[in-house]
There are 2 protein chains.
Amino acid sequence: MIRTISPNRASFGRCSACTVRSLSICNALDQADLAEFERISRHIHFAPNEALFTAGQIARSVHSLTAGVARLYKLLPDGRRQVIGFALPGDFLGVAPSDRYSFSADAIDSVTVCRLSREAFTHFIEQRSHFLMRINEFAARELKLAQEQMLLLGRRTAEEKVASFLVGWRQRLAQIGDERQTIALPMSRQDIADYLGLTIETVSRTLTRFEREKMLIIVAGGVRLLDPSRAAAMAAA
Amino acid sequence: MIRTISPNRASFGRCSACTVRSLSICNALDQADLAEFERISRHIHFAPNEALFTAGQIARSVHSLTAGVARLYKLLPDGRRQVIGFALPGDFLGVAPSDRYSFSADAIDSVTVCRLSREAFTHFIEQRSHFLMRINEFAARELKLAQEQMLLLGRRTAEEKVASFLVGWRQRLAQIGDERQTIALPMSRQDIADYLGLTIETVSRTLTRFEREKMLIIVAGGVRLLDPSRAAAMAAA
DNA sequence: CGGCCAATTTGATCTGGATCAATCAGCGGG
DNA sequence: CCCGCTGATTGATCCAGATCAAATTGGCCG
């Protein structure tokens, strides 16, 4: 079995001890600002599958993820689902143009977040242009990921989708300091399928084939990449 | 034949006379800032199909579109193309996390832009938090559009894709003041197909069927929606 | 006005991934 | 230790949209 993805083990209490600070929007804050940020934020815990917020609700809060993994998704009226992303520690959920959430978010495993009222957050950023620029960087990074995902959804084959997902996910885990041999996959096959615009059967079959072809081994809670360069090649072209 | 999409007819010369200012990032600027913005920007014209910039190039400039329509796209090594968006007057091309363009942009019809060096732009925004917040709003809006497009690409049928595109495009045209009966489609069927993750044949067949079913009429350079509510229903579900 | 070239439409056929349908595996509880 | 549940895998078949292949249309230029 594989450990939960959570580089920080607590961050309850003080922002100055937050282990994901360097990854998060808070990296742009000095000691004084950090104290103020701490004053206006609350740590909240979510159990697996609990909702952080739901599309269509009034967006009263913004969130910075400090531990665990969340799925972000949109639904069609008939229940078809598109996972638009997975949020990891350090990720910021709050770049939005309207006063309502345009997507839903829920905890995949055990999740903790820093939650701030949108109002307090807006006020906080207004006179802190360094912080504002940091938010901008986060938004730009998100936008780039979204554009890459559009290319994947619109123009890649099932095989390329699954390989790209594994390579991209591994890279994101590495960025938050998780460099274990085995790629942890805390999300379900259904989550992966809904992220890649495929069915659960196609994801399963493709992974099984990759295993048969000795590109990887499927293990409990993840996969172990045996041939990263082959995976990278599939993901690239 | 349908007029070109260009609510502004010139904007050569002075930013203060720019007819798309209220739509653009420059809306956040007062007279003094506008003068400075004008000093560091240049108006550039592009002929149809000319490239504004290309993915992978060093991103020396940011652009604000003032007239015409541009296609934004990404390519796979084997030539498969995904159009990630169409830029209209007022749209800002410059929210990016790296020093290289992550997508290509070229003029569909005759296009004019305000171009600024990235360096000057970065310096300009640094001490103007109102402006920075405006950029933020643009980034958030872009991100929301991208997320909606992911849902479309991953989970909608061909029919829903085409209907959604028409409804969404009409809405965007309305936002820039183009409220004519006929929806102008300056982009080619191939552009539309590459935007929707379909083939040109499927787009053509679907439009033809919509016409047969009296939902719309195909005209030179666009379509005339006869039954907007039916189109909206298809786009929603 | 006619001929050419590119874009679009239309038709026939094929296929990757969806759908429908059983198993199978892991695991928590009694 | 076994049962029952949930998620995953595997198999058989189907079909929406892709691919292959002609027409057809519409500018545009001489």
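Computed from a prediction, not measured in an experiment: that's the story for all the values here.
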Working note: B:Thr54 + B:Ser104, criterion side-chain hydrogen bond (donor to acceptor under 3.5 Å, both in side chains); need CA distance, chi angles, decisive distance, verdict. CA-CA 4 Å; B:Thr54 301; B:Ser104 302; 4.8 Å; no
Could you walk me through whether A:Ser110 and A:His45 pass the side-chain hydrogen bond (donor to acceptor under 3.5 Å, both in side chains) check? CA-CA 8 Å; A:Ser110 192; A:His45 183 87; 3.0 Å; yes
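Between the C1' atom of D:dT9 and the CD1 atom of A:Ile217 lies a distance of 18 Å, rounded to the nearest Å. If you measure from atom CG of B:Leu198 to atom P of C:dG17, you get 15 Å, rounded to the nearest angstrom. In this structure, B:Gln190 places its CD atom 11 Å from P of D:dT19, rounding to the nearest Å. Distance CD1 (B:Ile192) to C1' (C:dT8): 11 Å, rounded to an integer number of Å. For B:Lys161 and D:dG17, the NZ to P distance is 8 Å, given to the nearest whole Å. Here D:dT9 presents its P atom at 14 Å from CZ of A:Arg209, a figure rounded to the nearest Å. Following rounding to the nearest Å, B:Leu152 (CG) and D:dG17 (P) show an atom-to-atom distance of 12 Å. Taking atom CG on A:Leu185 and atom P on D:dT9, their separation rounds to 11 Å, with Å as the unit.
Annotation for A:Leu65 and A:Ala87: closest pair CD1-CB, 3.7 Å, computed over non-hydrogen atoms.
Residue A:Thr202 places at least one side-chain N or O under 4.0 Å from the OP1 or OP2 atom of C:dA18. For D:dT9, neither phosphate oxygen OP1 nor OP2 lies less than 4.0 angstrom from any side-chain nitrogen or oxygen of A:Thr208. Look at A:Ser204 and you'll find a side-chain N or O under 4.0 angstrom from OP1 or OP2 of D:dT9.
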Could you write out each protein N or O paired with an N or O of nucleotides 3-7 of chain C at a distance under 3.5 Å?
none

Kindly give the atom pairs (protein nitrogen or oxygen, nucleotide nitrogen or oxygen) under 3.5 Å for nucleotides 20-23 of chain C.
residue	atom	partner	partner atom	Å
C:dC20	N4	A:Glu201	OE2	2.9

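Counting heavy atoms of neighbouring residues, nucleotides and ligands inside a 6.0 Å radius, atom CZ of A:Arg209 exceeds 12 of them. Atom CZ of A:Arg170 has 12 or fewer heavy atoms from other residues, nucleotides or ligands within 6.0 Å. The local environment of CD in B:Gln171 is sparse, with at most 12 non-hydrogen atoms from other residues, nucleotides or ligands closer than 6.0 Å.
A salt bridge does not link B:Arg155 with B:Glu160: every distance from a Lys NZ or Arg NE/NH1/NH2 to an Asp or Glu carboxylate oxygen is 4.0 Å or more. We find that B:Arg189 and B:Asp191 are not joined by a salt bridge, their nearest charged nitrogen and carboxylate oxygen being 4.0 Å or further apart. Ion pairing of B:Asp91 with B:Arg172 is present here, as a side-chain N (NZ or NE/NH1/NH2) and a carboxylate O approach within less than 4.0 Å.
Of the residues near DNA chain D, A:Leu207 and A:Arg155, the one whose nearest nucleotide (by heavy atom distance) lies more toward the 5' end is A:Leu207.
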